[in-house]
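Keep in mind that the numbers below use all heavy atoms, side chains included, and drop hydrogens, waters and symmetry copies. Within every chain, numbering begins at 1; the chains are lettered A, B, ... in the order of the sequence lines, protein sequences first and strands thereafter. Given the structure is predicted, the values throughout are model-derived calculations rather than measurements.
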Amino acid sequence: MEVSVKIRREEKSVILDEGSTINDLLKKLGINRETVLIRRNGKLCIEEEVLNDRDSVEIIPAISGG
Amino acid sequence: MRCNKCGGRPVYFQRYSGQKFCETHFKDYFEYKFRRTIKKYRMLERDEKIAVALSGGKDSITALYLLNKIGERMGISLYAIAVDEGIKGYREKTLKNAEKFCKKYNIPLHILSFREYFGKTLDEMQRESMGCYNCGVLRRRLLNDKSRELGASKLATGHNLDDEVQTIMMNYIRGDLERLIRLHKSVDHEKFVKRIKPLSELPEKEVAVYATLQGFNAPLEECPYSANSFREDIKKIIYFLENENPGIKYSILRGYQKLQPYLENYSLREIMNCKICGNPSSSEMCKACQLEMYM
Ligand code: SF4
Ligand SMILES: [Zn+2]
Ligand SMILES: [Zn+2]
């Protein structure tokens, strides 16, 4: 499946295995989950959620300076 | 994967406790923890005047919002103080946010600028290689003096658990016992306004979740001068550790608290009065006045 990912002002699409979670996505991108918040299709959510094809995921830096 | 309290849709998973929270229950939890921290360290008394250092970022906005919310019942009067260091492309945005917020909640806001007090903006000082550390010295000077002028008995800041833990680790590594002790033992001096940190037991990520749920919309911009400091290196290590061992930030804080009684015997440097401004200082002239001399 393919999800669109937005980090700050940058947008890209990422291919993932079926059944991948947000956590899997973060690992693939090399992002430490302790430093970000996630909006999935506009709503704040937990990293354990399973993604669907064509979801839009916004990764928001939660840590100042990090 | 549901809120542990009500079965609603979760917005936050607290890995160190295994609990999931929906929006309502997360806000409840966060506010409870905020109030409990204030009680635990006896940060507030009835009818006090409190100054709040407001940068306009998520931490200080959250601290001010909650102090305002719980302070009403206690007869607390709040004054927000913002410092405009003069950082193009960064501070304008956070200050705007600060102004908007204070207007909405009817909290008096005082903005103090480096240009006005020191004759130069931080951007101008940077060209003379000022650095983050010195910027902090000057900012604390303005915050302290203004708080005192307003008659505030304490100055609240938005420091969160992550900030505290970073400072603890930095001081461990440097063996800086003086600073380590000053983290829990305030300077006792008539010109020094005591600091309180009501977010100091809340992880930064939780502050970010709360601020987002409340729609505080704090700008995400970074201060352009903040990168590449020792603190940034320590941060990376602590987030790595937290990810591998959820809850380690609380362990670091509790470990430090266990050490505190053993640090009582350490004789702290004598506090003098700065010969220029009269503020407490570890030498004849305080750091802020030394910096001003070279400007
Ligand atoms: S990050 Fe450093 S340079 Fe930037 S405003 Fe804060 S103390 Fe000043
Ligand atoms: Zn709930
Ligand atoms: Zn001085």
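- For B:Asn4, the side chain to side chain donor-acceptor pair (under 3.5 Å) test picks out no residue, with sequence neighbours left out.
- Once rounded to the nearest 0.5 Å, the distance linking CG of B:Asp163 with CD1 of A:Ile63 reads 9.0 Å.
- Using a 4.5 Å heavy-atom threshold, the side chains of A:Ile46 and B:Val11 count as separate.
- Only the side chain of A:Arg9 comes within contact range of chain B, with heavy atoms under 4.5 Å apart.
- Interface remark: B:Asn160 contributes no atoms to any contact with chain A (heavy atom separation under 4.5 Å).
- From B:Glu242, atom CD reaches atom CD of A:Glu34 across 5.0 Å, with rounding to the nearest 0.5 Å.
- Taken from CD1 in B:Ile238 to OG1 in A:Thr35, the straight-line distance is 13.5 Å, to the nearest 0.5 Å.
- Contacts between residues 12-31 of chain B and chain A, counted as heavy-atom pairs separated by less than 4.5 Å, involve B:Tyr12, B:Phe13, B:Arg15, B:Lys20.
- You'll find the side chain of A:Cys45 reaches within 4.5 Å of the side chain of B:Arg9, heavy atoms only.
- Of the two parts of A:Glu49, the backbone and the side chain both hold a non-hydrogen atom closer than 4.5 Å to a non-hydrogen atom of chain B.
- Shortest non-hydrogen contact noted between B:Thr212 and A:Arg39 is CG2-NH2, 3.3 Å.
- Taking both residues in full, the closest heavy atoms of A:Arg33 and B:Lys205 are given as O-NZ, 2.8 Å, listed atom of the first, atom of the second, then distance.
- Side-chain N or O atoms of A:Asn32 include one that pairs as donor or acceptor with a backbone N or O of B:Tyr239 at under 3.5 Å.
- Proximity to chain B is absent for every atom of A:Ile38, based on heavy atoms less than 4.5 angstrom apart.
- B:Arg231 does not touch chain A: none of its heavy atoms, backbone or side chain, sits under 4.5 Å away.
- Other residues, nucleotides and ligands contribute over 12 non-hydrogen atoms within 6.0 Å of the CG atom of A:Asp53.
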